[in-house]
Amino acid sequence: MFRNILKSGRRLAGLGSLVAALTVAAPALAQDKEPIVFGGSIPLSGVFAFAGVHLHAGLTDYTSWINSQGGINGHPVKYVMEDTGYEVDRSVAAFKKITGSNTVPVYYGDSTGFMKTIASELNSRGTTLMSGASFATALTDNEQYPYQFIPGPNYSQMFGIILEYIASQGEGGEKPTVAFVYSDTEFGKDPIENGKEKAAELGVDVVEEIVTKPGSVDVSAEVLKLRRVRPDYVVFHGYVLSPINEFMVQMRQMGLDTQFMGTFWSSDKLIIDKMGADADGYMGVMPYNYYDSQESGPMLDALRAQAEKSDPEAGYRPTGYMQGWFNAMVWTEVVKRTLDAGKELNAENMAASLASIKDWDTGGIIGVPVTAKNMSFPVGRIWRVNAEEGRYEPVSDWIQLD
């Protein structure tokens, strides 16, 4: 059902396949080969700009780093993007503009809405493989979205990893109890039905479901519902911060010892910055190591060095940065495998290259070798906030879903 991989606090032995293949002594940028274009619809403005600027920084820094290593098989990498304001129509226009002026084998999409909207055109063109900010479960439907992938676990898989952890914490034969709290959005509802099925499979009892408006702050009525059922865990999804902080503070004021958990976009340092000591003990599922974790590895070390080089004053890099960098890593691996096979860089060939990724050493970005399954990487780890230290710390091994 799953493999619980031993905690990888030690340095990964040897260079990962990507790093080993691309890192050479005193590399120089190749000038005699056509550039490989990384395209992107990036929300540098609008409601998702808080993450978009860091996604952009991760993609930019990775491009600088890979070019310093000689590019991909001697091809320099060129990153071409447009600001979309997190608006689907602007994203579509950006995609058409960038792909109309460049040959673009891989592309970053800024939202689930855009990636669903562009799918039919992407499928008919057959030129480009797409990933992006979305972890939507639907995008791993290979029939509808054969040329799109998730750079980590999809939202249902995140719930699966969380529930695997919760099931492992049960004591004395009693079923752990959980409540799902999610926003009344497509994003919020995405993993709920699959989550209920997974909970039943694992013997975890879902005792309450609560739906709120996104960003809602008056949750007193909902908190009373949770006080009546007193769940061992509350899993939040479909939020960035609010109303997670309101639920946590009010439930603790009532003396409940519930443990609180969230998915990727609600497991950044923002929750620590905004809540301070009240964030202590909050847990999130994360497919990558945090920038300030004690983990290491050749690629994670390269990421930190490149980040420091590009902006020495920036300090901590949020999870969006890590996600942008990992996206570009996967693109590089896919492009390299396709070129090594002597095949054209089209969507079908690159999708096949993605599917061939097995036990891939990411050099410490993810703490265990990973395998692509159904256009995603279903792996993650549970991390808990240590408010005094101001960071997340791992409390589980790496969990990979079969």
Side-chain angles (χ1 to χ4, degrees), residues 38-66 77 79-87 90-91 94 106-112 114-115 130-136 150-153 158 187 239-242 244 262-275 279 284-293 295 299-332 362 364-366 377 380 383 385 390-392:
F38 290 174
S41 290
I42 310 295
L44 294 180
S45 58
V47 296
F48 202 59
F50 69 92
V53 294
H54 300 297
L55 295 166
H56 174 63
L59 291 165
T60 300
D61 284 359
Y62 180 86
T63 301
S64 297
W65 177 82
I66 196 66
V77 174
Y79 170 44
V80 182
M81 56 75 65
E82 292 277 336
D83 176 24
T84 65
Y86 201 60
E87 297 175 6
R90 287 177 63 184
S91 241
V106 290
Y107 196 91
Y108 191 97
D110 62 354
S111 67
T112 303
F114 163 68
M115 293 175 77
M130 182 177 289
S131 57
S134 176
F135 295 91
I150 304 295
M158 289 183 194
F187 172 27
Y239 310 107
V240 175
L241 178 62
S242 295
I244 294 173
T263 49
F264 180 86
W265 289 115
S266 55
S267 297
D268 195 12
K269 214 168 184 176
L270 175 69
I271 203 164
I272 304 175
D273 295 340
K274 295 296 185 182
M275 292 186 66
V285 59
M286 186 58 54
Y288 325 115
N289 279 314
Y290 283 87
Y291 183 82
D292 61 350
S293 73
E295 309 298 312
M299 182 59 88
L300 186 55
D301 293 346
L303 176 152
R304 289 166 174 155
Q306 184 65 47
E308 175 68 19
K309 180 181 178 181
S310 65
D311 189 352
E313 304 300 319
Y316 175 80
R317 299 307 197 272
T319 51
Y321 181 98
M322 307 299 290
Q323 202 255 19
W325 184 287
F326 184 70
N327 261 280
M329 278 179 65
V330 179
W331 293 342
T332 298
T362 63
I365 303 298
I366 299 171
F377 294 87
W383 301 70
V385 170
R391 59 190 176 91
Y392 287 82

Sub-6.0 Å ring centroid separation between Tyr316 and His54: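 Ring-ring flag for Tyr316/His54: false, centres at least 6.0 Å apart.
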Centroid-centroid under 6.0 Å between Trp265 and Phe50 rings: no
Is the shortest side-chain heavy-atom distance between [X] and [Y] below 4.5 Å?
X	Y	value
Tyr321	Asp61	yes
Thr362	Phe377	no
Ile271	Leu241	yes

Plane angle bin for Tyr290 and Trp383 - parallel if under 30°, tilted between 30 and 60°, otherwise perpendicular: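 Answer is perpendicular, since the angle exceeds 60°.
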Aromatic plane relationship, Phe264 with Tyr288 - under 30° parallel, 30 to 60° tilted, over 60° perpendicular: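 If you compare the ring of Tyr288 with that of Phe264, the planes turn out perpendicular.
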Trp65 and Met299: CA distance, side-chain angles, deciding distance, side chain to side chain contact (heavy atoms under 4.5 Å, CB included) verdict: CA-CA 10 Å; Trp65 177 82; Met299 182 59 88; 3.6 Å; yes
From [atom1] ([X]) to [atom2] ([Y]), nearest 0.5 Å:
X	Y	atom1	atom2	value
Tyr291	Trp325	OH	CH2	9.5 Å
Met322	Leu300	CE	CG	5.5 Å
Leu303	Tyr62	CG	OH	10.5 Å
Met286	Met158	CE	CE	8.0 Å
Ile244	Tyr239	CD1	OH	7.5 Å
Asp311	Thr60	CG	OG1	11.5 Å

Side chain to side chain contact (heavy atoms under 4.5 Å, CB included) evaluation trace for Met275 with Val385: CA-CA 11 Å; Met275 292 186 66; Val385 170; over 6 Å; no
Okay, side chain of [X], backbone of [Y]: is any donor-acceptor separation there less than 3.5 Å?
X	Y	value
Lys274	Ala279	no
Glu87	Pro43	no
Tyr392	Asp268	yes
Asn327	Leu59	no

What are the two closest non-hydrogen atoms of [X] and [Y], and how far apart are they?
X	Y	result
Gln306	Ser64	NE2-CB, 3.6 Å
Ser267	Thr263	OG-O, 2.8 Å
Met115	Gly132	CE-N, 4.0 Å
Pro151	Gln323	CG-NE2, 3.5 Å
Ser134	Thr112	OG-OG1, 2.5 Å

Audit row: Trp331, Ser131, side chain to side chain contact (heavy atoms under 4.5 Å, CB included) steps and yes/no: CA-CA 9 Å; Trp331 293 342; Ser131 57; 3.0 Å; yes
Candidates Ser41, Ser91, Ser45 - the one meeting side chain to side chain donor-acceptor pair (under 3.5 Å) with Asp83: Ser45
Donor-acceptor pair between Tyr108 and His56 side chains, under 3.5 angstrom: no
Evaluation steps, side chain to side chain contact (heavy atoms under 4.5 Å, CB included), between Phe38 and Val77: CA-CA 7 Å; Phe38 290 174; Val77 174; 3.6 Å; yes
